[in-house]
Amino acid sequence: MKIVMLGAPGAGKGTQAVNIAKEYNIPHISTGDIFRANIKNQTELGMKAKEYMDKGALVPDEITIGMLLSRIADKDCDNGFVLDGFPRTIPQAESLKKALKEQGAKIDCAVDIEVPDEDIINRMSGRRSCPNCGGTYHVTFNPPKQEGICDACGTELVQRADDKPETVLQRLKTYHEQTQPLIEFYENEGVLVTVDGTKKPSEVLEDILGALK
Ligand code: AP5
Ligand code: MG
């Protein structure tokens with residue numbers, strides 16, 4: 001199963017992608033997480049990406065496309081993957097389509113998680129992330145069992161650098177301008193599924209798994 005997650009920043013792509021990946025036993029690939037790991041390790045790619053991420057802008061396609069296509073060529077992607085945060089531009093979607101087509105494959109489903117902009121700011125200010133395994137929590141909506149500690153791996157949770165309110169507003173603007181057109185792209189491909197992302201995380205997951213079957 002080859003799945004793409006769509007939705008605004010904070011819509012719950014990461015939260016749901018982890019569980020979908022578990023359900024289908026396929027890797028969860030988040031371009032945001034790959035960039036953040038590179039920033040942490042101070043690689044050249046990370047330093048370049050940070051310039052854009054701190055501003056709430058997209059990392060240029062020249063950097064992002066090659067990185068993602070090389071990741072999905074890895075052996076663990078043979079049975080599919082859940083892409084979280086890619087594609088984010090039409091050229092990214094076209095490159096992905098072309099690369100898969102060369103292997104006689106295609107995206108099976110694009111899941112668009114819909115959440116109004118008003119709800120996004122609240123979600124971001126309370127988000128806590130695991131820098132080790134990518135687990136995502138919220139201080140009130142989805143708290144870990146032990147405050148500040150990842151349920152899955154026991155690592156201390158952190159707040160993301162780009163979750164400041166002014167950066168979140170810019171990320172939303174970037175989303176509407178550059179990423180939202182992908183909804184129509186995947187609708188035209190005949191693989192779009194839309195879910196209401198304002199429900200509880202467990203209900204959103206149920207809706208997605210139901211639609212995938
Ligand atoms: P990325 O890491 O992908 O960030 P994003 O798209 O802005 O999305 P988020 O991770 O912020 O939100 P999410 O939808 O995963 O929500 P989450 O599950 O955490 O990208 C970061 C940056 O990297 C970009 O700005 C860009 O610069 C760069 N980048 C990445 N990919 C790129 C690409 N392809 N091209 C160019 N640049 C790229 O949930 C949010 C919060 O809400 C959490 O606290 C969660 O617990 C809570 N929550 C989740 N679901 C619910 C619910 N149903 N009800 C209540 N709370 C909920
Ligand atoms: Mg995410």
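All figures in this text were calculated on a predicted structure; none of them were measured in a lab. Every number for a ligand or one of its atoms is a count from 1 in the order of the listing.
- Within the structure, ligand 1 lacks Met5 among the residues with a heavy atom less than 4.0 angstrom away.
- Scanning all protein heavy atoms for the shortest distance to atom 7 (O) of ligand 1 gives Arg171 NH2, 2.6 Å.
- Among all protein heavy atoms, the one lying closest to atom 9 (P) of ligand 1 is Arg127 NH1, 3.2 Å.
- Within the structure, ligand 1 lacks Gln16 among the residues with a heavy atom less than 4.0 angstrom away.
- Looking at Ala8, Pro143, Gly32, Ala57, it is Ala57 that brings a heavy atom closest to atom 26 (C) of ligand 1.
- Not a single heavy atom of Ser30 lies less than 4.0 angstrom from ligand 1.
- Nearest to atom 4 (O) of ligand 1 by heavy-atom distance, out of Arg128, Met67, Arg160, Glu203, is Arg160.
- For atom 36 (C) of ligand 1, the closest non-hydrogen atom on the protein side is Val59 O, 3.2 Å.
- Distances from atom 5 (P) of ligand 1 to the heavy atoms of Arg88, Arg36, Lys55 show the closest one on Arg88.
- Proximity annotation for atom 54 (N) of ligand 1: of Arg123, Met53, Lys200, Glu51, Arg123 comes nearest, heavy atoms only.
- Annotation for ligand 1: atoms under 4.0 Å from non-hydrogen atoms of Pro201 are 51 (C), 52 (C), 53 (N), 54 (N).
- By the 4.5 Å heavy-atom criterion applied to side chains, Ile120 and Val115 are counted as neighbours.
- Contact analysis leaves Gly7 out of contact with ligand 1, as no non-hydrogen atom separation drops below 4.0 angstrom.
- Using a 4.0 Å cut-off to heavy atoms of Gly85, the atoms of ligand 1 that qualify are 31 (N), 32 (C), 33 (C), 34 (N).
- For the residue pair Thr43 and Asn38, a side-chain donor N or O sits within less than 3.5 Å of a side-chain acceptor on the partner.
- Listed by number with element, the atoms of ligand 1 under 4.0 Å from a non-hydrogen atom of Gly14 are 13 (P), 15 (O), 18 (O).
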